[in-house]
Asks: 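My structure is below; once you've seen it, I'll send some questions.
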Amino acid sequence: MFLHAASSTTDLPLIIAGPILRKVTPTEITVWIVTTEPLIGKFELFSKHEPNSAIFSAPMKNEQQIQIGTHAWVTLAHFTGQFPINTPLEYQLTTPDGTLSELIPHLLYTDAQRPSFVIKPAADYVLHGSCRNPHHNSPDSLVAADNKIATLPENDRPALLMMSGDQIYADHVAGPTLDAIQQVISLLGLPDEHFTDGELPDSRSIYEHHHNFYGRDKLLPHYSDPQSWLSKIKPNHAIPIFSSRESENHLITFAEFFAMYLLMWSPQLWDLVDRERLKHQNFQWAGKTIPEKWQQAWHEEKKHIDDFVAGLAQVQRLLAHIPTYMIFDDHDVTDDWNLTVGWEKAANDNNFSRRIIGNGLLSYWLCQGWGNAPEKFNSEFLTLATQYFKAPNAQNQDRFIAHLYRFEQWHYTINTTPKMVVLDTRTRRWRSESKMNKPSGLMDWEALTEFQQELLDEPAVIIISAAPMFGVKFIEMLQRGMTWLGYPLLIDAENWMAHPGSANTLLSIFTHTKTPTNFVILSGDVHYSFAYDIKLRFRKSSPNIFQITSSGIKNEFPNALLRFCDVMDRALYSPHSPLNLLTKRKRLKILKRDPDLPNNNRLVNQSAIGELHLDKEGKPTKIAILTATEKEITFPPVG
């Protein structure tokens, strides 16, 4: 059932999130949008050179809309035809309430009549990044990207924006954000939820519990591990399944996950919530006072959330103008998601944790995955989704979630030139067979074999891997040490080289004679930026491999620790260091690009969005990041 909505539709704007341009090709245009009523109207496409006559028009279709709550409909408008390429196009959505341009005037750049975009078959200029934490103290680099796009002619804009993970932080939520999320649930009448094996029976009980704010770590599921040394000393010791160290406000229900997506991408709902509700209530919740420690945290978080919200109108504008593709990483669901087989088993054996993870996957599909590749979701998938949303009871929810767990098509290919291959490094893991707490490989043998088939006989390719395929060796060594000590979750010990099977298979792919001449790997995840040029050591005709990492969009690494790791990596793992011969990457020679900064740091620790320019052969002509403070930092070629 849907929760009782606190407002009538007359109090709510029609559009509450989006429009976001998603999959766009010469034959497809896909737009994601969320409204408070069924979306009635028509979509029109115009050539900017002939703005008074539509070159394409189509009605909004009911089968492309899903009702999520009393006042919430998600529409994935998917139009097919033959659309002009490499020329500025404008689009308009006309509804009984007015046009898109009238309903959200801030969507338009200066002097524009409608939102615009360009269909670019060549991926010659790509924006990329990951890790957008709304309450981190750095600015939002999506705002910096929008400011830059505002100055560019349409044909000079990026071909697309690739967001490679952690579009939300479901496991690290600020108190003011969680409060806004729950107000949105009420405003939109999002579905209630019932649990088995949970500390509490349903979602209402969680929202009304005194641990609702800053105490959810006490409500989240735990398990007993008889192999743990602590369990031998202290029998029946309970270990948290969810490994995030900031899980005090961890999202639990589908409604919470969905509401967070709306609040991350658009400003409309923030204007309708009371951002100071807890303060107005003297930090009283469910008859108890929130501890002073968390009241102080709330005040600090709110300052950063207010800054984040102030930039959301520009983020909404950016996403309405640039085709945007996405893939999950751990924080879109929960920290250390499927990192080890032990974690995976503990999470899957508990109905409550299985539901929470399933809610993360369900909301990911609805808000991210669906728009990446609509053709991947067949009638069986959409039938299960529709059954749940029409009757959101526990049985339909668990049936749909079971299908999501079995689903193996989250990866996809973008048919640009070069081809872009977007990898799922979370749900098809190569599980360790020796120890339950050893990191799993990021992709299993079957998934890596499918990946290789995508590469064969391609002259060039862009690979999207959430975690860098070739990371900072000293940091990987620290992760390996923590794994050896039995604490892989403590330092997020997942990298492509952590599992022998997946590491060796991956390296074999790069050495195959029929793979591309130019490999470009775009990654994020690590909260710092770097660029490497990679060659095979013992082959004259080595392919060109470029590892380019930009992270985070709104996040940074602890600076003192990163500077130490940077210095140690330079000292121990220079291109000619004999220590390289002791690593799994001994067949590769890695040259590390120096950013154009006045210091000796190779790892750039600033919130930023990556900018990649490619020539016609798919080789980088410019590797750069645009920082959140609108400074461009380039990584010139080595030598």
Side-chain angles (χ1 to χ4, degrees), residues 129-142 163-182 184 206 211-221 240-254 256-265 278 290-291 293-309 328-339 343 347 353 356-357 359-361 363-364 367-368 426 466-467 489-494 524-528 551-558 561 607:
S130 72
C131 307
R132 185 166 172 256
N133 181 351
H135 65 278
H136 191 268
N137 59 13
S138 60
D140 188 348
S141 53
L142 289 186
M163 301 177 76
S164 59
D166 301 341
Q167 279 66 257
I168 65 168
Y169 275 69
D171 53 353
H172 186 196
V173 182
T177 304
L178 183 59
D179 194 9
I181 285 169
Q182 293 183 356
V184 166
I206 292 172
H211 286 320
N212 179 48
F213 293 109
Y214 298 107
R216 290 184 166 209
D217 51 316
K218 301 175 182 63
L219 304 178
L220 292 170
I241 291 175
F242 293 99
S243 46
S244 171
R245 292 181 295 277
E246 297 93 4
S247 60
E248 294 85 9
N249 288 327
H250 199 299
L251 302 184
I252 292 175
T253 68
F254 161 71
E256 290 179 328
F257 277 92
F258 176 67
M260 186 166 192
Y261 276 107
L262 305 186
L263 291 167
M264 293 302 98
W265 289 338
L278 286 178
I290 293 172
K293 167 188 173 182
W294 297 118
Q295 292 184 38
Q296 293 175 2
W298 183 93
H299 285 289
E300 187 65 27
E301 291 166 348
K302 186 177 179 298
K303 288 188 292 185
H304 302 315
I305 290 296
D306 286 347
D307 291 340
F308 173 79
V309 173
F328 47 50
D329 203 12
D330 52 348
H331 297 291
D332 295 279
V333 176
T334 189
D335 193 24
D336 299 328
W337 178 29
N338 293 344
L339 191 148
W343 187 98
S353 61
I356 296 170
I357 295 164
N359 286 336
L361 271 173
S363 58
Y364 168 79
C367 299
Q368 297 194 59
R426 280 289 160 190
L489 302 180
L490 189 63
I491 196 171
D492 199 16
E494 55 188 338
D525 179 51
V526 292
H527 303 171
Y528 48 86
S551 179
I553 291 174
K554 195 180 189 300
N555 218 332
E556 295 173 356
F557 201 88
L561 178 58
S607 291

Asks: For side-chain contact (heavy atoms from CB on, under 4.5 Å), just list the numbers for Cys367 and Phe257, CA-CA rounded to whole Å, side-chain angles, deciding distance to a tenth of an Å, and then say yes or no.
Replies: CA-CA 10 Å; Cys367 299; Phe257 277 92; over 6 Å; no
Asks: Using a strict cut-off of less than 4.0 Å between a Lys/Arg side-chain nitrogen and an Asp/Glu carboxylate oxygen, indicate whether Asp140 and Arg132 qualify as a salt bridge.
Replies: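 Looking at Arg132 together with Asp140, the answer is yes, because their closest N to O distance falls below 4.0 Å.
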Asks: Measure across Asp166 and Cys131 and return the closest heavy-atom pair with its distance rounded to 0.1 Å.
Replies: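 Smallest interatomic distance, heavy atoms only, reads OD2-SG, 3.5 Å.
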Asks: Does the Ser363 side chain pair with the main chain of Phe254, one donor and one acceptor, at a distance under 3.5 Å?
Replies: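 Side chain of Ser363 to backbone of Phe254: no pair is present.
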Asks: With a 3.5 Å cut-off and no angle check, do the side chains of Gln368 and Asp332 form a donor-acceptor pair?
Replies: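 Yes, Asp332 and Gln368 have a side-chain donor paired with an acceptor closer than 3.5 Å.
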Asks: Rounded to the nearest 0.5 Å, what separation is found between the CG atom of Asn359 and the CD atom of Glu256?
Replies: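 Interatomic distance, Asn359 CG to Glu256 CD, rounded to 0.5 Å: 9.0 Å.
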Asks: For Ser138 and Lys554, work out which heavy atoms get closest and say how close.
Replies: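 Shortest heavy-atom contact: O-NZ, 2.8 Å.
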Asks: Quick one: CG on Leu262 to CD1 on Ile168, what's the gap to the nearest 0.5 Å?
Replies: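 If I round to the nearest 0.5 Å, the distance is 10.5 Å.
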Asks: Say whether Thr334 and His250, considering side chains only, have a donor N or O and an acceptor N or O under 3.5 Å apart.
Replies: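 The criterion, which ignores hydrogens and geometry beyond distance, is satisfied for His250 and Thr334.
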Asks: Looking only at heavy atoms, which two atoms of Ile356 and Pro221 are closest? And how far apart?
Replies: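 Scanning both residues, the minimum pair turns out to be CD1-CD, 4.2 Å.
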Asks: Taking the six-membered ring for Trp and the single ring otherwise, decide whether the centroids of Trp337 and Phe328 are under 6.0 Å apart.
Replies: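 Yes, they do, as the ring centres are separated by less than 6.0 Å.
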Asks: Mind checking whether Tyr261 and Trp265 have parallel, tilted or perpendicular rings, split at 30° and 60°?
Replies: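 The rings of Tyr261 and Trp265 sit tilted, inter-plane angle from 30° to 60°.
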Asks: On the 0 to 90° scale, with breaks at 30° and 60°, tag the Trp343-Phe242 ring pair as parallel, tilted or perpendicular.
Replies: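 Rings of Trp343 and Phe242: perpendicular, over 60°.
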Asks: Which heavy atom in His527 sits nearest to a heavy atom in Ser551, and how many Å separate them?
Replies: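 Minimum heavy-atom separation between His527 and Ser551: N-OG, 2.9 Å.
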Asks: Go through Ile181 and Leu251 one step at a time and tell me if the side-chain contact (heavy atoms from CB on, under 4.5 Å) criterion holds.
Replies: CA-CA 10 Å; Ile181 285 169; Leu251 302 184; 3.8 Å; yes
Asks: Would you say the side-chain atoms of Gln295 pair up with the backbone N or O of Ile290, donor to acceptor, closer than 3.5 Å?
Replies: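 Yes.
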Asks: What closest approach, in Å, do Ser607 and Glu556 show between heavy atoms, and which atom pair accounts for it?
Replies: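 Closest heavy-atom pair between Ser607 and Glu556: N-OE2, 3.1 Å.
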Asks: With a 3.5 Å cut-off and no angle check, do the side chains of Gln182 and Asn212 form a donor-acceptor pair?
Replies: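 Yes, Asn212 and Gln182 have a side-chain donor paired with an acceptor closer than 3.5 Å.
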Asks: Is it true that a side-chain atom of Ser243 and a backbone atom of Asp335 form a donor plus acceptor pair closer than 3.5 Å?
Replies: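 Yes.
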Asks: Is the closest side-chain donor-acceptor distance between Glu300 and His304 under 3.5 Å?
Replies: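 Yes, a side-chain donor-acceptor pair sits under 3.5 Å.
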Asks: Which one of Asp171, Asn555, Asp336 satisfies the side chain to side chain donor-acceptor pair (under 3.5 Å) criterion with His331?
Replies: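 Of Asp171, Asn555, Asp336, side chain to side chain donor-acceptor pair (under 3.5 Å) with His331 is met by Asp171 alone.
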Asks: Checking side-chain contact (heavy atoms from CB on, under 4.5 Å) for the pair Val526/Phe557: CA distance, chi angles, key distance, verdict?
Replies: CA-CA 8 Å; Val526 292; Phe557 201 88; 5.9 Å; no
Asks: Please determine whether a side-chain nitrogen of the Lys or Arg among Asp307 and Lys303 lies less than 4.0 Å from a carboxylate oxygen of the Asp or Glu.
Replies: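 Looking at Lys303 together with Asp307, the answer is no, because their closest N to O distance does not fall below 4.0 Å.
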Asks: Under 4.5 Å between any side-chain heavy atoms of Tyr214 and Asn249, yes or no?
Replies: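 They are in contact (side-chain heavy atoms under 4.5 Å apart), so the answer is yes.
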Asks: So, does Thr177 use its side chain to make a donor-acceptor pair with the main chain of Val173 at under 3.5 Å?
Replies: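 No, because the side chain of Thr177 does not come within donor-acceptor range (under 3.5 Å) of the backbone of Val173.
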Asks: Applying salt bridge (charged side-chain N to carboxylate O under 4.0 Å, His left out), run through Glu248 and Lys293 and close with a yes or a no.
Replies: CA-CA 12 Å; Glu248 294 85 9; Lys293 167 188 173 182; 5.8 Å; no
Asks: If we count only N and O atoms by modelled type, under 3.5 Å, do the side chains of Asn133 and His135 hold a donor and an acceptor together?
Replies: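 Indeed, the side chains of Asn133 and His135 share at least one donor-acceptor pair under 3.5 Å.
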Asks: Determine, stepwise, if the pair Asp217 / Ser247 fulfils side-chain contact (heavy atoms from CB on, under 4.5 Å).
Replies: CA-CA 6 Å; Asp217 51 316; Ser247 60; 3.6 Å; yes
Asks: Got a second to check how far Leu263's CG is from Phe258's CZ, nearest 0.5 Å?
Replies: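 One gets 10.0 Å once the value is rounded to the nearest 0.5 Å.
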Asks: If you look at every heavy atom in Pro134 and Phe308, which pair is closest and at what distance?
Replies: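 Closest pair (atom of Pro134, atom of Phe308, distance): O-CB, 3.6 Å.
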